[in-house]
Amino acid sequence: MKPIKVGLLGIGTVGAGTFNVLQRNQEDIRRRAGRGIEITMVAARNLDKARGIVGAGVEVVADPFAVVNNPEIDIVVELIGGYELPRELVLKAIANGKHVVTANKALLALHGNEIFAAAQGKGVTVAFEAAVAGGVPIIKALREGLTANRIESVAGIINGTTNFILSEMREKGLDFATVLKQAQELGYAEADPTFDIEGVDAAHKLTIMSAIAFGIPVQFDKAYIEGISQLQARDIRYAEQLGYRIKLLGITRRTRTESGEGIELRVHPTLIPASRLIANVEGAMNAVLVQADAVGASLYYGKGAGSEPTASAVIADLVDVTRLATVDPYCRVPHLAFQPNEMTDVAIMPMAEITTSYYLRVYVKDQLGVMADLTRILADAGISIDAVLQKEPGDQVNLDIILLTHQTREKNIIAAIEKIENLPAVIGKVTRIRLETLS
Ligand code: NDP
Ligand code: HSE
């Protein structure tokens, strides 16, 4: 059988990794796919750089539309990043009857519903394993491996850059800016690193996993997002003294509220007991913990970013798509796991309604009765306390009081924090970090 022809859009960190791994392992990949997979055309901005990577045998062009409009190309691999240009390119490739592979979670979190509908209409596939957790095959696991299960929750460390920053800050005491620069040099960070730091990239990935886990449309606009930029080194330290690690966690779960069933969709720094496996995921590694009714808990772990780990997922998709050539479009695995006409409209819950535990750090004047005031406010709100720690942050005058609470609704803690901040002895804002036991 003739090799399948692939056009690459963008040859940066992931594009170059994809080209190199495909070259290096071409024989094994051919034996698995049933035919060869050849990159025959590449679109790049810097043509000389691209030619330096792919050599003389591959056509290099400046116009990415020349790739998606080329009738010789069977599969388009989009590795440019961003929203608008990739959206146009992917929709054009689909309209031209080409299968698409992309690592672009931003694109799918925002335009996934439109793109999957277009692909369904044309009988082509859009594959996106690399879009979530880099080299970890979590999309395949959620969509196919766990297909017998009712999935209850998915919780993951799904941004390598922020996990790398938190690990280096905790282990080596390095400052935020130094570690971020390292993450950029290592190729982990997005073109705009605020996407990583502010939790947007993790929310893109979580949105995609939520749709697959629960059979709902992608709804990035409903995600609650809080990043790590406000996190202070002393909170990381105090959490550790209390037996916890702070991780940027993406959590999506089915929940029952007074008004019925809802889906939580949230990304925020989270205290996790240090004894949990997932709390020990360090550096740019990713891990996703899935709770499902038949299998119970399962954990997926591996490199969540970087050139070849991500290329591994891109090529797995290329092999899958190559094998699809002979499969009737209606017999294929649906893009979001559930058949398009079987999606449900369970609502994403407002953040005020979610239930979790909390770490509160209150910076106070060292006065008699302040602890009693704090505990009274929490008790009046029906919030019980799990642990208390009192620390001198170093100024010899004031105190940090750290309280861990048992579970309560977010709206209750918000109301209690407002009262705490109005106490005369309290200085500034209360630091609030959510806590999940993940048990
Ligand atoms: P890079 O910035 O390293 O690469 C992007 C490439 O696209 C560059 O080579 C750039 O060219 C090229 N490009 C940009 N605009 C155009 C254009 N108009 N026409 C042709 N080429 C263009 O990004 P990454 O490889 O890191 O990321 C690619 C995608 O993969 C993104 O969606 C990202 O979110 C995703 N991803 C990245 C991971 C990682 O670890 N890096 C992991 C998982 C997903 P030039 O170099 O000339 O500017
Ligand atoms: N910037 C992303 C991260 C790349 O740090 O996880 C992988 O998607």
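Both counts, for ligands and for their atoms, begin at 1 and track the order of listing.
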Protein heavy-atom partner closest to atom 38 (C) of ligand 1 - residue, atom, separation in Å: Val14 CG2, 3.6 Å
Test of proximity, Arg45 against ligand 1: N or O pairs below 3.5 Å: yes
Atoms in ligand 1 with a heavy atom of Ala43 nearer than 4.0 Å: 20 (C), 21 (N)
Minimum-distance protein heavy atom relative to atom 40 (O) of ligand 1: Gly306 N, 2.6 Å
Which residue and heavy atom of the protein sit nearest atom 30 (O) of ligand 1, plus the separation: Ala103 CB, 3.5 Å
For Lys205, the ligand 2 atoms whose distance to one of its heavy atoms is below 4.0 Å: 2 (C), 3 (C), 6 (O), 7 (C), 8 (O)
Aromatic ring pairing His335/Phe116, orientation class (parallel under 30°, perpendicular over 60°, tilted between): parallel
Numbering as shown, the atoms of ligand 2 that approach Tyr188 to under 4.0 Å (heavy-atom distance): 1 (N), 2 (C), 3 (C), 4 (C), 5 (O)
side-chain hydrogen bond (donor to acceptor under 3.5 Å, both in side chains) evaluation trace for Tyr300 with Ser298: CA-CA 7 Å; Tyr300 306 84; Ser298 53; 2.7 Å; yes
Atom 23 (O) of ligand 1 touched by protein heavy atom at under 4.0 Å: no
Ligand 2 contact on Asn159 by region, counting heavy-atom pairs under 4.0 Å: both
Proximal atoms of ligand 2 relative to Asp196 (non-hydrogen, under 4.0 Å): 1 (N), 2 (C), 3 (C), 5 (O)
Salt bridge (charged side-chain N to carboxylate O under 4.0 Å, His left out) evaluation trace for Arg24 with Glu308: CA-CA 11 Å; Arg24 191 168 75 230; Glu308 293 206 353; 2.9 Å; yes
Full working for salt bridge (charged side-chain N to carboxylate O under 4.0 Å, His left out) between Glu436 and Lys247: CA-CA 10 Å; Glu436 296 279 340; Lys247 296 287 180 189; over 6 Å; no
Nearest-neighbour protein heavy atom for atom 28 (C) of ligand 1, which is reported as residue plus atom name and distance: Leu79 O, 3.3 Å
Contact atoms of ligand 2, heavy-atom distance to Ala305 under 4.0 Å: 4 (C), 7 (C)
Stepwise side-chain contact (heavy atoms from CB on, under 4.5 Å) check, Leu318 with Val6: CA-CA 9 Å; Leu318 279 172; Val6 176; 3.9 Å; yes
Separation of Arg361 CZ from Asp235 CG (nearest 0.5 Å): 4.0 Å
Check: Pro309 main-chain N/O paired with Lys303 side-chain donor or acceptor under 3.5 Å: no
Lys181 side, atom NZ; Leu186 side, atom CG - distance, nearest 0.5 Å: 11.0 Å
Shortest reach to atom 43 (C) of ligand 1 by a heavy atom, considering only Val314, Asn286, Thr310: Thr310
Atom 7 (O) of ligand 1 touched by protein (heavy atom, under 4.0 Å): yes
Closest approach of any protein heavy atom to atom 46 (O) of ligand 1, naming residue and atom: Lys49 NZ, 3.1 Å
Side-chain (Glu421) to main-chain (Val430) donor-acceptor, under 3.5 angstrom: yes
Interfacing atoms of ligand 1 (cut-off 4.0 Å, heavy-atom, Ala44): 20 (C), 21 (N)
Nearest neighbour of atom 36 (N) of ligand 1 from the list Lys303, Lys205, Lys105, on a heavy-atom basis: Lys105
Geometric N/O contact Gly10 with ligand 1, under 3.5 angstrom: no
Arg434 and Glu410: CA distance, side-chain angles, deciding distance, salt bridge (charged side-chain N to carboxylate O under 4.0 Å, His left out) verdict: CA-CA 9 Å; Arg434 297 171 189 88; Glu410 178 105 351; 2.6 Å; yes
Backbone of Val295 reached by a side-chain donor or acceptor of Asn149 within 3.5 Å: yes
Among Gly160, Ala202, Gly134, Gly304, closest by any non-hydrogen atom to atom 7 (C) of ligand 2: Gly304
Ligand-residue contact atoms, ligand 2 with Glu190, heavy atoms, under 4.0 Å: 1 (N), 2 (C), 4 (C)
Nearest-0.5 Å distance that lies between atom CG in Leu9 and atom CG in Leu85: 8.5 Å
Any N or O of Gly82 closer than 3.5 Å to N or O of ligand 1: no
N or O pair under 3.5 Å between Leu85 and ligand 1: no
Test of proximity, Ala305 against ligand 1: N or O pairs below 3.5 Å: no
Those atoms of ligand 1 less than 4.0 Å from some heavy atom in Gly187: 39 (C), 40 (O), 41 (N)
Winner among Asn46, Asn159, Ile80 once heavy atoms are compared against atom 13 (N) of ligand 1: Ile80
Sidechain N-carboxylate O distance under 4.0 Å for Arg32, Glu27: no
Phe195 and Tyr83 aromatic ring geometry - parallel, tilted or perpendicular at 30°/60° bounds: tilted
Nearest-neighbour protein heavy atom for atom 5 (O) of ligand 2, which is reported as residue plus atom name and distance: Thr161 OG1, 2.6 Å
Proximal ligand 1 atoms for Ala130, defined as those under 4.0 Å from one of its heavy atoms: 43 (C), 44 (C)
Nearest-contact summary for atom 9 (O) of ligand 1 - protein heavy atom, Å: Gly12 N, 3.1 Å
Part of Asn286 with heavy atoms under 4.0 Å of ligand 2, whether side chain, backbone, both or neither: neither
Atoms of ligand 1 close to Gly81 [distance to a heavy atom under 4.0 angstrom, numbered from 1]: 31 (C), 32 (O)
Contacting atoms of ligand 1, where contact means under 4.0 angstrom from a heavy atom of Glu190: 33 (C), 34 (O)
Ile80 side, atom CD1; Leu89 side, atom CG - distance, nearest 0.5 Å: 5.5 Å
Nearest protein heavy atom with distance in Å, relative to atom 3 (O) of ligand 1: Thr13 N, 2.9 Å
Pairing of Arg253 and Glu264 as salt bridge, 4.0 angstrom limit: yes
Derivation of the side-chain hydrogen bond (donor to acceptor under 3.5 Å, both in side chains) call for Tyr238 and Glu240: CA-CA 5 Å; Tyr238 296 156; Glu240 184 139 34; over 6 Å; no
Lys/Arg N to Asp/Glu carboxylate O, Lys140 vs Glu129, below 4.0 Å: no
Nearest neighbour in protein (non-hydrogen) for atom 8 (O) of ligand 2: Lys105 NZ, 2.6 Å
Check: Lys98 main-chain N/O paired with Asn96 side-chain donor or acceptor under 3.5 Å: no
